[in-house]
Amino acid sequence: MGRIVFAGAMSHVLDPDYYQEVCGLSGRRKVEACMTEIRAMGERLLARRPDALVVIADDHLNAFSFNAVPALCVRIGRHVDRMVQEEAEAFDRALEGLPERYAVHEDLANRILEDGMTAGFDLALSWEAPVDHAFLSPVMTLHGMQPVIPLVPIWVNCFVAPQPTPARCFAFGRHLARVVAGGPWDVGIIATGGLSHFPELSLPRVGESDTIFDRKLLHWLEKGEHEPLQALTVGELDKAGEHEFLNWMALIGAVTPAPADVRYFGELGRINLAAVEWRLA
Amino acid sequence: MSRYAVNSLLYRLKKDRAFRERFLAEPASALAGLDLTEAERTAFLARDMKQINALGGYLHLVMSVPGLAAHVSHPERD
């Protein structure tokens with residue numbers, strides 16, 4: 001019987017140069033402190049020797065253009081490439097210098113997809129979609145110089161309305177837990193993004209992170225109180241700049257009712273940085 | 001206002017280098033024939049990313065089109 005042996009969630013632009021540019025030295029120091037905690041989480045992840053690492057993250061209109069935007073998409077196939085952006089600006093620069101190709105855990109990805117279809121989740125699939133900073137910045141920070149665990153990238157549509165609901169993402173996480181329990185693999189799972197930033201995806205509101213909302217979410221995570229999280233609406237998340245918490249909701253569904261430890265929380269007007277790790281039985 | 005027209009244009013500007021260079025050199029010509037409202041066309045010709053965002057352009061695109069991105073910084077007190 002398979003097990004989830006590690007679960008963590010974290011911010012996903014882990015680039016000190018970027019934060020120094022947009023937030024000054026304080027931004028650099030805070031993201032470096034956050035990265036230190038994520039590296040320590042990575043040591044615990046790797047020590048448990050998982051067969052696969054499920055990465056739940058969002059696309060920033062890179063992998064999927066406007067021909068199709070899947071609500072939930074599982075990356076299948078044997079390899080996944082990193083997104084390439086010529087003359088990268090801003091958060092896209094976090095990808096520079098990272099390896100170009102990563103192994104996919106094909107069997108686990110296929111199980112999640114195929115069992116999902118029979119369990120009532122009409123999942124999208126992709127053989128070709130590349131992954132952007134939302135996947136690779138945390139993955140590479142967790143791994144450091146160690147070989148990267150075979151990945152199962154899963155996209156949640158966090159930005160293009162209409163998004164899946166928090167409750168639906170949580171239910172999908174329950175599906176992930178059932179697949180892992182029914183398989184032979186030890187699995188790590190991470191969700192990325194957040195915490196609060198870019199409320200209403202409005203340029204004039206860049207710089208207005210919602211610390212009160214973040215502290216409410218973290219309190220519920222620490223206590224393992226997952227019912228109020230499932231009652232959140234996409235509209236509430238949009239208003240508070242918590243779009244990427246949908247990724248976290250899928251992870252929470254996979255590990256509920258486990259409580260979490262907040263390894264790092266750092267306030268920046270631009271974005272509140274966070275790293276959280278769940279206490280698994 | 002067409003959310004699709006604005007965003008597919010932003011996406012093309014981000015991902016298609018040749019089109020981006022054509023837009024930078026001859027913006028009116030590059031936009032000719034595209035299904036944009038006058039307000040949208042005016043915003044693109046002015047490279048006004050704030051207005052493009054207000055007209056429905058997704059934030060992550062308006063912040064990441066090479067050479068045209070909206071740069072917003074918020075230096076914090078150290």
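In what follows, chains carry the letters A, B, and so on, assigned in the order in which the sequence lines appear, proteins first and then strands, with residues in each chain numbered from 1.
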For a quick test of reading the model, state the closest non-hydrogen atom pair linking [X] to [Y] and the distance between them.
X: A/A161; Y: B/Y58; result: N-OH, 3.5 Å
X: B/P66; Y: A/E86; result: CG-O, 3.6 Å
X: A/F66; Y: B/N7; result: CZ-CB, 3.3 Å

Practice prompt. Could you label the plane-to-plane angle of the A/F159 and B/H60 rings as parallel, tilted or perpendicular, counting under 30° as parallel and over 60° as perpendicular?
Written response: tilted

Discussion item. Does any backbone or side-chain atom of A/F91 lie under 4.5 Å from a heavy atom of chain B? Answer side chain, backbone, both or neither.
Written reply: side chain

Worksheet item: Given that the side chain runs from C-beta out, which part of A/N67 has a heavy atom under 4.5 Å from chain B: side chain, backbone, both or neither?
Response: neither

Practice prompt. Determine yes or no for a side-chain-to-main-chain donor-acceptor pair under 3.5 angstrom, with A/E89 supplying the side chain and B/K14 the backbone.
Written response: no

Discussion item. Can you tell me which of A/V84, A/N62, A/D92 forms the most heavy-atom pairs within a distance under 4.5 Å of chain B?
Written reply: A/N62

Worksheet item: Above 12 or not: heavy atoms from other molecules or residues under 6.0 Å from CD of A/E87?
Response: yes

First locate atom [atom1] of [X], then atom [atom2] of [Y], and finally report the distance between them rounded to the nearest 0.5 Å.
X: A/Q85; Y: B/S64; atom1: CD; atom2: OG; result: 7.0 Å
X: A/M83; Y: B/K15; atom1: CE; atom2: NZ; result: 4.0 Å
X: A/F198; Y: B/L59; atom1: CZ; atom2: CG; result: 5.5 Å

Fill in: Which of B/K50, B/R17, B/M49 touches chain A most, by non-hydrogen pairs under 4.5 Å
B/R17

Practice prompt. Give, as side chain, backbone, both or neither, the part of B/N53 having an atom under 4.5 angstrom from any heavy atom of chain A.
Written response: side chain

